**Q** 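Can you keep this structure in mind? I'll have questions shortly.
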Number of protein chains: 2
Amino acid sequence: MSELTKFFKLLSDETRLRILLLLKSQRLCVCELCGIMNESQPKVSKHLAKLRDLGIIDDERHEQFIFYSLKTNNKLYLRILDDILDSINDYPIVKEDIEKSENAERFIKIS
Amino acid sequence: MSELTKFFKLLSDETRLRILLLLKSQRLCVCELCGIMNESQPKVSKHLAKLRDLGIIDDERHEQFIFYSLKTNNKLYLRILDDILDSINDYPIVKEDIEKSENAERFIKIS
DNA sequence: TACTTATATAACCAAATGCGTATATATGTA
DNA sequence: TACATATATACGCATTTGGTTATATAAGTA
């Protein structure tokens with residue numbers, strides 16, 4: 001029960017909710033998330049740390065990048081995120097985020 | 001989007017989440033909620049006020065009692081609560097709450 | 001090696017949160 | 001009217017939260 005309320009606390013911040021909805025479709029690194037959402041790096045990193053601490057996401061380093069991905073073990077959490085995506089037309093900012101994420105690589109400087 | 005994150009903030013407190021899951025099946029007054037959850041009246045009232053302020057629940061006075069009920073206008077919110085109830089076996093306290101709510105009238109003193 | 005990019009994290013601060021206690025109001029009853 | 005029940009809300013307090021700025025580490029490149 002306390003794990004579930006902690007999950008909802010994570011969803012209660014707009015930045016974190018946007019991150020989770022982005023990670024629902026693909027893994028992304030910090031600088032891609034910053035670019036897509038137009039948010040500062042420390043802010044994004046801090047929220048990612050909270051998501052990682054509760055075991056909602058995984059991280060994996062590839063060279064200088066650290067890629068984050070959504071863990072798929074908790075079906076309830078996945079279902080809730082899917083419910084939100086089913087109402088995506090009510091949340092234009094999420095729609096824009098996902099559109100931008102379709103060529104996320106452009107937010108990596110050297111590429 | 002901010003309305004959605006506010007909804008999740010409401011769900012992020014155990015007392016409020018229990019209240020919402022209880023109201024999913026029937027309307028209840030404050031003293032019934034206190035009795036079922038074994039929580040103090042000011043605590044329950046305060047959380048009900050937050051739920052009311054965001055328009056998640058309705059209140060209706062009947063004599064000295066004020067009955068609270070879940071509003072049914074937002075389908076996403078209802079779906080999320082249903083998702084949780086589908087996993088009710090993972091949350092025994094919720095199961096107990098709902099069992100106790102089946103004869104909630106016993107928590108009204110004069111009855 | 002010097003520099004750039006990517007990332008994490010610490011320090012600080014203002015605002016929000018949740019709780020307990022106390023109190024005020026409304027309704028019903030003796 | 002006096003009292004009990006039901007409920008809302010204000011006050012004070014300790015904790016948490018989220019943001020910004022600054023800094024430290026790691027990896028790649030010239």
Side-chain angles (χ1 to χ4, degrees), chain A residues 1-2 5-20 22-23 27-54 56-69 104-111, chain B residues 1-3 5-20 22-23 27-54 57-69 104-111:
Chain A
M1 187 70 178
S2 120
T5 52
K6 283 180 189 159
F7 173 68
F8 286 128
K9 183 154 295 180
L10 291 176
L11 296 193
S12 75
D13 176 87
E14 177 167 322
T15 305
R16 285 192 299 260
L17 182 54
R18 289 167 74 190
I19 290 173
L20 288 178
L22 279 166
L23 297 184
R27 71 176 200 181
L28 292 163
C29 69
V30 181
C31 64
E32 290 173 323
L33 287 166
C34 291
I36 292 166
M37 301 192 299
N38 194 33
E39 296 283 1
S40 77
Q41 179 268 315
K43 180 170 172 179
V44 170
S45 277
K46 210 170 177 181
H47 286 301
L48 285 168
K50 291 193 181 185
L51 294 168
R52 185 182 358 95
D53 289 349
L54 205 70
I56 309 295
I57 59 176
D58 270 334
D59 61 316
E60 197 183 348
R61 181 180 275 274
H62 285 266
E63 290 138 14
Q64 72 269 56
F65 306 101
I66 299 180
F67 285 91
Y68 285 91
S69 55
E105 321 73 40
R106 74 193 164 100
F107 295 110
I108 294 181
K109 291 203 182 159
I110 45 173
S111 82
Chain B
M1 188 70 176
S2 120
E3 204 192 307
T5 52
K6 282 180 190 160
F7 173 67
F8 286 128
K9 183 153 294 180
L10 292 175
L11 296 193
S12 76
D13 176 88
E14 176 166 323
T15 305
R16 286 192 300 258
L17 182 54
R18 289 167 74 191
I19 290 173
L20 287 177
L22 279 165
L23 297 183
R27 71 175 200 182
L28 292 163
C29 70
V30 181
C31 64
E32 290 172 323
L33 286 167
C34 292
I36 292 167
M37 301 192 299
N38 195 33
E39 296 282 2
S40 76
Q41 178 270 315
K43 179 170 171 178
V44 170
S45 277
K46 212 167 179 182
H47 286 302
L48 284 168
K50 292 193 179 183
L51 294 168
R52 188 188 348 101
D53 289 349
L54 205 71
I57 59 175
D58 270 334
D59 62 317
E60 197 182 347
R61 180 181 276 275
H62 285 269
E63 289 139 15
Q64 70 266 59
F65 307 101
I66 299 181
F67 285 90
Y68 286 91
S69 55
E105 321 72 41
R106 74 195 163 99
F107 295 109
I108 295 180
K109 291 203 181 159
I110 45 173
S111 84

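For clarity, every value in this text was computed on a predicted model and none was experimentally measured. Throughout, a chain's letter reflects where its sequence line sits, starting with A, and its residues are numbered from 1.
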**Q** Using whole Å, report how far CD of B/Q64 lies from P of C/dT27.
**A**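 Whole-Å distance recorded here is 10 Å.
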**Q** What nucleotide among D/dT21, C/dT7, D/dG19 has an atom nearest to a side-chain atom of A/I66?
**A**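 The nucleotide sitting nearest to the side chain is C/dT7.
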**Q** Take atom CD of B/E60 and atom P of D/dT7, then tell me their distance rounded to the nearest Å.
**A**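 Rounded to whole Å, this separation is 13 Å.
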**Q** Looking at A/Y68, I'd like to know whether one of its side-chain N or O atoms comes within less than 4.0 Å of OP1 or OP2 on C/dA8.
**A**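 Yes, within the criterion.
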**Q** Quick one: which of D/dA27, C/dC19, C/dA11 gets closest to the side chain of B/D13?
**A**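 Shortest atom-to-atom distance from the side chain points to C/dC19.
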**Q** Go nucleotide by nucleotide along DNA chain D from the 5' end; which of A/R61 and B/F67 gets its closest nucleotide reached first?
**A**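 On the 5' side of the pair lies B/F67.
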**Q** Going by heavy atoms in the side chains, are A/L48 and A/L33 under 4.5 Å from each other?
**A**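 When only atoms from C-beta onward are counted, A/L33 and A/L48 do touch, with a gap below 4.5 Å.
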**Q** Can you check the A/K43 NZ to C/dA10 C1' distance for me, whole Å?
**A**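 In whole Å, C/dA10 C1' and A/K43 NZ are 19 Å from each other.
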**Q** Compare side-chain N and O positions of A/R16 against OP1 and OP2 of D/dG18 and report whether any pair is under 4.0 Å apart.
**A**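 Yes.
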**Q** What distance separates A/L51 CG from A/I57 CD1, expressed to the nearest 0.5 Å?
**A**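 It comes to 4.5 Å.
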**Q** Does A/K50 have a side-chain nitrogen or oxygen under 4.0 Å from the phosphate oxygens OP1 or OP2 of D/dG18?
**A**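 Indeed, a polar side-chain atom of A/K50 lies that close.
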**Q** Can you measure B/E39 atom CD to D/dT7 atom C1' for me and round it to whole angstrom units?
**A**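 Distance check: B/E39 CD to D/dT7 C1' gives 17 Å.
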**Q** Toward the 5' end of DNA chain C, which comes first, B/T15 or A/C31, by nearest nucleotide?
**A**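 Nearest nucleotide further toward 5': that of A/C31.
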**Q** Kindly say if A/H47 contacts the phosphate of D/dG19, meaning a side-chain N or O under 4.0 Å from OP1 or OP2.
**A**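 For D/dG19, OP1/OP2 do have a side-chain N/O of A/H47 under 4.0 Å.
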**Q** Classify the ring geometry between B/F8 and A/F8 as parallel (under 30°), tilted (30 to 60°) or perpendicular (over 60°).
**A**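 Correct class here is parallel.
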**Q** From D/dA6, C/dA6, C/dT9, pick the nucleotide closest to the side chain of A/S45?
**A**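 Per side-chain heavy atoms of A/S45, the pick is C/dT9.
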**Q** Got A/D13 and B/T5 here, is their nearest side-chain heavy-atom distance under 4.5 Å?
**A**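 Not in contact.
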**Q** Do B/V30 and B/Q41 come within less than 4.5 Å of each other through their side chains, counting heavy atoms only?
**A**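 Yes, side chains in contact.
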**Q** Which of these nucleotides, D/dA26, D/dA8, D/dT17, is closest to any side-chain atom of A/K9?
**A**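 Nearest to the side chain of A/K9 among the choices is D/dT17.
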**Q** Would you kindly give the CD-to-P distance between B/E32 and D/dA6, to the nearest whole Å?
**A**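 Between P of D/dA6 and CD of B/E32: 10 Å.
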**Q** Scan A/Q41 against the nucleic acid and name what it touches under 4.0 Å (heavy atoms): base, sugar-phosphate only, or nothing.
**A**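 Since a base atom lies under 4.0 Å of A/Q41, the category is base.
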**Q** Expressed as a whole number of angstroms, how long is the span from A/D59:CG to C/dT7:C1'?
**A**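 So the two atoms are 11 Å apart, to the nearest Å.
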**Q** Nearest whole angstrom, please: distance from the P of C/dT4 to the CZ of A/F65.
**A**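 To the nearest whole Å, that distance equals 17 Å.
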**Q** How many Å lie between NE2 on B/H62 and P on C/dA26, as a whole number?
**A**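 Going from NE2 in B/H62 over to P in C/dA26 covers 19 Å.
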**Q** Which nucleotide in the set D/dT21, D/dT7, C/dG28 lies at the smallest distance from any side-chain heavy atom of B/C29?
**A**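 So the nucleotide nearest the side chain must be D/dT7.
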